[in-house]
Every structure is written in structure tokens, then in C-alpha cells.
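Okay, structure first, notes after.
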Amino acid sequence: MSFSRGLAGSVTRMMKAIRVSKFGGPEVLTVASDIPIPKPGESQVLINTKAAGVNPVDTYIRAGTYASAPQLPYTPGGDAAGVVEDVGDKVTKVKKGDRVFTVRTVSGSYAAYTVANQHATFPLHDSLSYGQGAAVGIPYFTAYRALILRGNAKAPETVLIHGASGAVGLAGCQIARARNLHVIGTAGTTEGMELVKQNGTHEVFNHKEKGYVEKIMAATNGEGVDIVLEMLANINLQSDLTLMKKHGRIMVIGNRGNVEINPRLTMGKESSIIGVMFGNSSMAELEEMGAAITAGMEAGWVKPVINKEYSLEEAPLAHRDIISNTGAKGKLIIKTQ
């Protein structure tokens, strides 16, 4: 943190942050050391950020391809963990000195300090590190939204988590197991499969192996699955449809292109393809998800897995890795201080 003296001798505290001044590739992520520390509004929290989570959506926004674009220049990131530095007059959920994590920020999380609304700020349990706290936000809230709020999963249903070794997939494994579902996961590497096993799945399959769909069907005694959490619909949606039980639900969490499917496969089983976007969550849904996930921290089943940590200066590398990595193994984290 540095200081800048303004008019009439006033002092402005400055911080280091990533700034994006134009949309483009990872190279547009630049470090600035002269960014004023933001001030919280009446219902907002200023957080001394210790770690920020990197999510695929961060790269889409940076590239200018996301549905809504921020005003330039901006600081990326929505997931953060740290210590409350200051609070607005109407904040009641947290106080100065509390350990917290966020699932949305107002000013961006790739920075030494960030501002978040109090309804998007939650207590970080002492059992979790700041890096783990920064790995909770979008992955766990998205998985919960897909599985529980949109998918209406209920025990003893069977869920297939397609691409379970990534951050959202591992969160889905933990949530599903805590909800007493039968959990099947897939991964693309031996290391990824082992990680998925360690995080609650009953069976795991390699989705790069020929015939793995048939193996999943055999593992369910030919019945198929009730719910699919799908991370790459443009590759897997057609095969997902063949795995559905009657009234099965495919929850589309991720997609990177077009796909051709046979809609007739939805008819006989009256199955559904349901899109999931965390950004559509209402304040009430945020509160429900936050309550469930913080309870999971207390119970001990929320265990975020960190794949790799980066410095602020390495933010461009983190953005390259999260898109190009073909063997996901947990969450990418930026250490902001």
C-alpha cells in the first residue's frame, strides 16, 4: 500500500491491482500500483484481499465476448477472501477484522483491496485458508445452484458430474455426497480421476476412453442417471441424453461451441436440458446458497482444492492456464499480497 497527497494536503491510500484498459487476450492484464483503495458504500464491505479466485468467466469478460461488458478500465474478478478492513453504516452481517469470502465484488478481486456488497460476503471458517476461501465463491455457488436450486436433486437420486476434476465439478461432488446422492464422476487423466475419488464419488470414469458412456450405463444397471452436471455441453450433450432416466435433467454449466443433438431422445423419457448461470441468482438465493455452504464449512465437507497459485504479475498466465488446461485439477488462485 502507498499514499498519494492530493489537494489541501489530503492523503489518498493507493494499492496494487490488475487493470484492463482494453478488451483482448491475457496480455491486457497489467499491474498498476497507483490505484486508489475503494471506499465501501453504506451496505458494502471493504476487504483486505489475501487471495482471489480465477474463473473461466473472468477470461470471457476480459476478451469482450461476455454478454455484459464492464466499463473500461476495470479490475477483474468476483471471488476473493481476506479480512474486513471497513464496513458501511448499514452493514450488519460482518465487522472489521472478520475473515470473509465473497462470491461477487463491486470493484474487482484481483487487487490488494476490494469492495463487495454485504449480501455477497460470507464468513470464512477458521479451518480454511484464504486461498481455499477464494476457491469457494463461483464454483460452490454454481454447483449448488445447478444441483439443488435448478436441478432439484433429492436423495437417493444418481448424479453424473461430467468433468468432475475442475473447481465446479469437485464442489458438485462434495455437495452431492453431503446430500446423500449417488455420485458418478468423470475426469480426463489418471491424476484427475484419483482426485475425484477423494472428493466423494462412488464411481469415476475416464471421459477420454472409448466406450466410457456404456461403462457408466452398466454401472447403473442399465437404468442411467437422474441428473447430469455438464461442464462442456458442446462435446457431451448428445451422449448425456442417452444416459437419462425418465424425467432426468441435464444441467448445462459450461459450453464452448455448437452441438448437434437428437431432440427425440428427450421425448420418451421426458428429460430436460436446463441452462445454469450463477449471475441470475437473486439476493434470496445468494442467502440460501451462502447459508448451506457456510454450514458445510462448519460440518467439514466443504474442502476446496487448489491446483495452482499465481502472483498478481502472473495473472496473464493464470488466464491462459484456465482455458488451455485439458486436465483440470481444482481451482486457480491469485495471491494478491
Side-chain angles (χ1 to χ4, degrees), residues 16-18 20 25-31 47 49-63 75-82 101-103 105 108-112 114 124 127-143 161 163-174 185-201 204 206-208 231-232 253-254 256 278 297 302-337:
K16 183 184 287 188
I18 293 293
V20 175
E27 68 278 0
V28 304
L29 299 169
T30 60
V31 179
I47 300 165
T49 311
K50 305 299 184 181
V54 181
N55 294 291
V57 68
D58 299 346
T59 72
Y60 309 148
I61 295 171
R62 183 215 69 228
T75 294
D79 290 351
F101 72 94
T102 70
V103 70
T105 66
S109 63
Y110 296 14
T114 189
L124 177 62
S127 63
L128 299 185
S129 69
Y130 289 117
Q132 288 178 304
V136 172
I138 286 180
Y140 280 81
F141 281 61
T142 298
I161 302 177
S165 63
V168 177
L170 292 171
C173 292
Q174 294 171 13
T186 77
T189 66
T190 300
E191 186 179 1
M193 291 174 67
E194 182 60 32
L195 181 62
V196 170
K197 286 180 183 178
Q198 294 170 3
N199 281 272
T201 57
V204 60
N206 189 328
H207 53 228
K208 291 185 178 179
M231 312 302 167
L232 201 58
I253 295 171
R256 295 183 184 175
F278 165 72
M297 291 180 185
V302 170
K303 298 178 180 179
V305 177
I306 298 175
N307 180 5
K308 188 175 180 180
E309 293 183 338
Y310 304 79
S311 66
L312 266 180
E313 289 75 12
E314 293 174 318
L317 176 59
H319 273 219
R320 292 187 183 97
D321 286 351
I322 199 168
I323 293 300
S324 63
N325 186 5
T326 57
K329 299 183 293 293
K331 181 78 169 181
L332 306 186
I333 297 297
I334 292 175
K335 298 183 75 173
T336 52
Q337 297 191 40

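In what follows, every heavy atom counts, from backbone to side chain, and hydrogens, waters and symmetry copies are set aside. The first residue of the sequence shown is numbered 1, and numbering continues consecutively from there.
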Closest contact, heavy atoms only, T336 versus K50: OG1-C, 3.2 Å
Partners passing ring pair (Phe, Tyr, Trp, His ring centres under 6.0 Å) against Y110 (at least two apart in sequence or in another chain): H319
Sub-4.5 Å side-chain heavy-atom contact between F101 and M297: yes
Contact summary for A171 and P139, nearest pair of heavy atoms: CB-O, 3.8 Å
For the student: nearest non-hydrogen atoms of E314 and E309, plus distance: OE1-O, 4.5 Å
For Y140, ring pair (Phe, Tyr, Trp, His ring centres under 6.0 Å) partners two or more places apart: none
Heavy-atom pair with the smallest gap, counting every atom of P316 and L29: CG-O, 3.7 Å
Intermediate values then yes/no, side-chain contact (heavy atoms from CB on, under 4.5 Å), V103 and F278: CA-CA 10 Å; V103 70; F278 165 72; 3.3 Å; yes
Distance (rounded to the nearest 0.5 Å) between K329 NZ and S165 OG: 7.5 Å
Inter-residue atom distance K303.NZ - Q198.CD, 0.5 Å rounding: 10.5 Å
Test item: V54 and I334 side chains (from C-beta on) under 4.5 Å apart, heavy atoms: yes
Any side-chain heavy-atom pair of I161 and M231 under 4.5 Å: yes
CG-CD distance between L312 and Q337, expressed to the nearest 0.5 angstrom: 9.0 Å
Neighbour count above 12 (heavy atom, 6.0 Å) for E194 CD: yes
Listed partners of S109 passing side chain to side chain contact (heavy atoms under 4.5 Å, CB included), at least two apart: A52, A80, T105
Atom pair CG/CD1 of N55 and I322 - distance to nearest 0.5 Å: 6.0 Å
Side chain to side chain contact (heavy atoms under 4.5 Å, CB included) involving K308 - partner list, sequence neighbours excluded: Y310, L317, D321, L332
Distance in Å, L195 CG paired with T201 OG1, rounded so as to fall on 0.5 Å steps: 9.5 Å
Sidechain-backbone polar pair: S311 side chain, K335 backbone, donor-acceptor under 3.5 Å: no
Distance-minimising heavy-atom pair for A187 and V196: CB-CG2, 4.2 Å
Heavy-atom pair with the smallest gap, counting every atom of A81 and A134: CB-N, 3.5 Å
Gap between atom CG of D58 and atom CD1 of I138 - 0.5 Å precision: 6.5 Å
Set of residues satisfying side chain to side chain contact (heavy atoms under 4.5 Å, CB included) with respect to A135, sequence neighbours excluded: P304, K331, I333
Results of side chain to side chain contact (heavy atoms under 4.5 Å, CB included) for T186 - residues two or more places apart only: L160, H162, H207, Y212, I216
Beyond-backbone contact of P76 with I61, side-chain heavy atoms, under 4.5 angstrom: no
